[in-house]
Q: 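Take this structure, written in structure tokens, and hold onto it; I'll ask about it next.
A note on names: the letters A, B, ... follow the listed sequences, proteins ahead of strands, and every chain is numbered from 1. Everything numeric in this text was worked out from a predicted model, so none of it was measured.
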Protein chains: 2
Amino acid sequence: MEELTPRQQTILGLVVREYVKSPNPVSSRALVENYGLQVSTATVRNEMARLEELGYLTHPHTSAGRIPTPKGYHHFVERLLGEVELPVHEQRTIAHQFYQARQDFSQWMPLAASVLAHTAQGAALVTAPLATEVRYKHLQLISTQGRAVLLVLVLRGGMVKQQMLSLPEPLDQQVLDEASDRLNQHFNGLTADEIGGHVADLPAFESQVADLVTDLMRRAERHTTGEIYRDGLSRVLQQPEFSEQEHAQGLIRVMEERSFLEAVLADALSPEVGSVQVLIGGEGRWDELRACSLVLGRYGVSGFATGALGVVGPTRMLYGRAISVVRFVSDLLSDLVYDMYVG
Amino acid sequence: MEELTPRQQTILGLVVREYVKSPNPVSSRALVENYGLQVSTATVRNEMARLEELGYLTHPHTSAGRIPTPKGYHHFVERLLGEVELPVHEQRTIAHQFYQARQDFSQWMPLAASVLAHTAQGAALVTAPLATEVRYKHLQLISTQGRAVLLVLVLRGGMVKQQMLSLPEPLDQQVLDEASDRLNQHFNGLTADEIGGHVADLPAFESQVADLVTDLMRRAERHTTGEIYRDGLSRVLQQPEFSEQEHAQGLIRVMEERSFLEAVLADALSPEVGSVQVLIGGEGRWDELRACSLVLGRYGVSGFATGALGVVGPTRMLYGRAISVVRFVSDLLSDLVYDMYVG
DNA sequence: AATTAGCACTCTCGTGGTGAGAGTGCTAAA
DNA sequence: TTTAGCACTCTCACCACGAGAGTGCTAATT
């Protein structure tokens with residue numbers, strides 16, 4: 001693979017920037033005029049032809065301007081973009097919003113989705129942090145009425161599960177409290193399997209509860225992503241490239257279908273916290289995403305709990321802003337998760 | 001307002017049925033041929049012209065078939081549809097799915113959304129049940145690490161809120177337990193305002209917790225809908241009427257923008273549990289929904305907790321199925337909520 | 001050797017015309 | 001009141017045409 005000359009790099013970069021600005025194929029003249037290049041349109045045309053041979057640009061038809069290929073976007077993102085940072089005043093605004101929400105766990109994810117969507121001008125996805133290892137932390141049995149009992153199970157990492165259970169006969173709240181206390185002492189910090197081993201030693205009622213608990217924990221272990229939060233879908237669907245249904249299809253599926261998103265995340269996103277990956281035009285593996293790019297990140301605390309977050313937009317997206325805001329929000333969320341779980 | 005003749009009713013009904021089956025304007029000939037009418041096409045044409053004068057049908061252009069107007073759909077739903085029920089085998093399948101999920105609160109809403117979307121072949125929305133009155137039930141303080149404490153607040157009705165709080169100095173889990181016990185005894189069944197009145201009497205740490213609790217409860221009181229669950233958006237967007245963006249816009253907004261959905265629900269949905277409302281073509285009040293119909297229902301237990309659920313589709317939707325499945329799922333959810341909160 | 005001016009060529013897009021087909025509205029007869 | 005018959009209207013697909021935009025190539029220039 002031959003290296004691009006500096007001028008080819010420049011031109012490739014300008015084509016991407018110009019095309020992102022407005023969704024029309026960009027012509028040699030537009031480039032020379034708008035960016036004050038010190039060469040003629042003919043030279044630019046020659047270079048463009050070369051870039052097309054090399055697979056970085058393409059033509060919708062013979063006599064139209066050029067648009068970047070996925071390979072072209074890739075080169076742009078990896079070699080030309082450099083380290084981008086969000087403007088400081090935006091950083092401050094965002095950090096402030098998170099600061100205000102810092103205590104209310106339930107606001108974090110919606111806020112993150114909203115900030116991502118807004119700043120990157122795309123659709124945003126955030127999955128709730130999920131413990132990499134499911135361990136028992138605390139259990140509470142609350143009598144509601146008659147024989148019905150609400151079981152609230154808190155897992156290490158802050159995940160809370162609720163489940164109803166109905167007793168053969170009514171039990172007093174005090175009896176329930178004692179049972180919870182005993183189970184909490186026995187089970188603190190254990191995994192589902194470890195709890196399973198102890199069940200036999202317990203009195204009848206408590207072992208019934210323990211069964212339920214292991215069941216809940218096993219179910220939690222099977223999940224690979226937590227609750228999913230979304231924002232900005234309607235805005236991004238107004239982009240001209242999504243006026244055709246087939247292109248919008250993949251975007252909507254990745255935003256709506258949990259299984260599809262999970263598949264993409266599993267395939268494309270490294271499990272390492274703080275990493276940011278860019279998936280352009282489906283990368284050949286996801287045909288439905290031909291018209292979309294995803295900027296994905298992972299946040300949280302390795303070994304405790306991690307979640308994913310990302311921006312979805314047309315391939316013609318503002319990669320610089322998207323990458324920087326994903327990274328920034330990811331760091332903020334990681335800090336919050338750290339404070340909550342570890343600090 | 002003049003009454004429609006029986007034959008006009010028949011024809012209106014057939015136009016709706018035929019148009020729902022395939023999205024082309026329906027001609028007089030199609031009606032006579034497909035439904036074996038004992039009159040000629042000319043007669044049908046005359047009746048159609050009359051129905052158009054009365055505002056039940058319309059023309060896309062002079063020489064095309066007829067399509068129903070919103071008024072036409074209304075008449076169809078209210079007068080011609082009768083009491084529809086889901087086929088028994090579908091009822092059984094659905095009831096079985098809910099039976100299997102009956103103990104896991106967290107599965108109810110996604111399951112309901114999935115069943116609605118699937119059965120009605122539309123997009124589905126379900127809001128989590130929300131207590132009509134926010135009352136304290138139970139609180140648990142769990143020390144996580146150092147000075148950080150996880151506060152888990154259970155409200156009457158089963159809603160659970162989590163919040164972090166950080167102490168000026170580390171406290172032992174036992175101290176936290178005692179504090180929770182005391183607060184639980186004091187506050188059981190109270191509203192935010194009532195708790196606010198007691199705060200002054202408490203020792204420093206407990207009053208700090210109580211402040212947080214009232215704050216959480218006040219915030220819960222301000223919400224009018226719970227968490228929103230969605231399903232089936234991508235399927236319904238494949239319908240031909242949504243290939244134009246402007247029509248898809250309203251659909252996507254009502255599915256995605258919480259505030260928009262809340263406005264529609266507040267305006268259109270009666271607070272009475274078990275009621276089902278049909279909102280056709282935005283009813284003049286919601287221009288974005290011109291191409292959509294909503295079948296909305298409310299479930300839950302009046303005075304305890306209620307939520308909304310609904311199906312969204314093109315005006316050209318299967319009203320019979322949509323209404324019956326909304327009613328059926330609504331009843332199932334109401335039963336579950338009843339068992340959980342009251343039983 | 002690289003650049004550039006010039007120009008022919010290609011392709012899109014909007015416009016207008018045309019003919020087939022579908023479906024109506026109307027009139028007059030049953 | 002219904003219906004047969006027919007003229008009329010409107011859409012849609014198709015084609016042709018010209019303007020405009022942009023390229024690719026060649027030959028001249030630096």
Q: Out of the candidates A:Val16, A:Leu51, A:Val26, only one should pair with A:Leu57 under the side-chain contact (heavy atoms from CB on, under 4.5 Å) rule; please name it.
A: A:Leu51
Q: Look at atom CD of B:Glu33 and say whether more than 12 heavy atoms of other residues, nucleotides or ligands are closer to it than 6.0 Å.
A: yes
Q: Roughly, in whole Å, what's the span from CZ in A:Arg45 to P in C:dA5?
A: 10 Å
Q: Consider only side-chain N and O atoms of A:Ser293 and A:Tyr319, and report whether a donor and an acceptor are under 3.5 Å apart.
A: yes
Q: Using the closest heavy atom to pick a nucleotide of DNA chain C for each, name whichever of A:Thr43 or B:Ser63 lands nearer the 5' end.
A: A:Thr43
Q: Can you confirm whether the side chains of A:Arg316 and A:Gln239 place a donor and an acceptor under 3.5 Å from each other?
A: yes
Q: Reckon B:Thr41 touches a base, only the sugar-phosphate, or nothing at all at heavy-atom distances under 4.0 Å?
A: nothing
Q: Can you give me the first and the last nucleotide of DNA chain D (5' to 3') that has an atom within less than 4.0 angstrom of a non-hydrogen atom in chain B?
A: D:dT2 to D:dT11
Q: Does A:Arg7 make a side-chain N or O approach to OP1 or OP2 of C:dT3 shorter than 4.0 Å?
A: yes
Q: Are any non-hydrogen side-chain atoms of B:Leu31 and B:Met48 less than 4.5 angstrom apart?
A: yes
Q: With sequence neighbours excluded, tell me which residues meet ring pair (Phe, Tyr, Trp, His ring centres under 6.0 Å) with B:Phe260.
A: B:Trp286
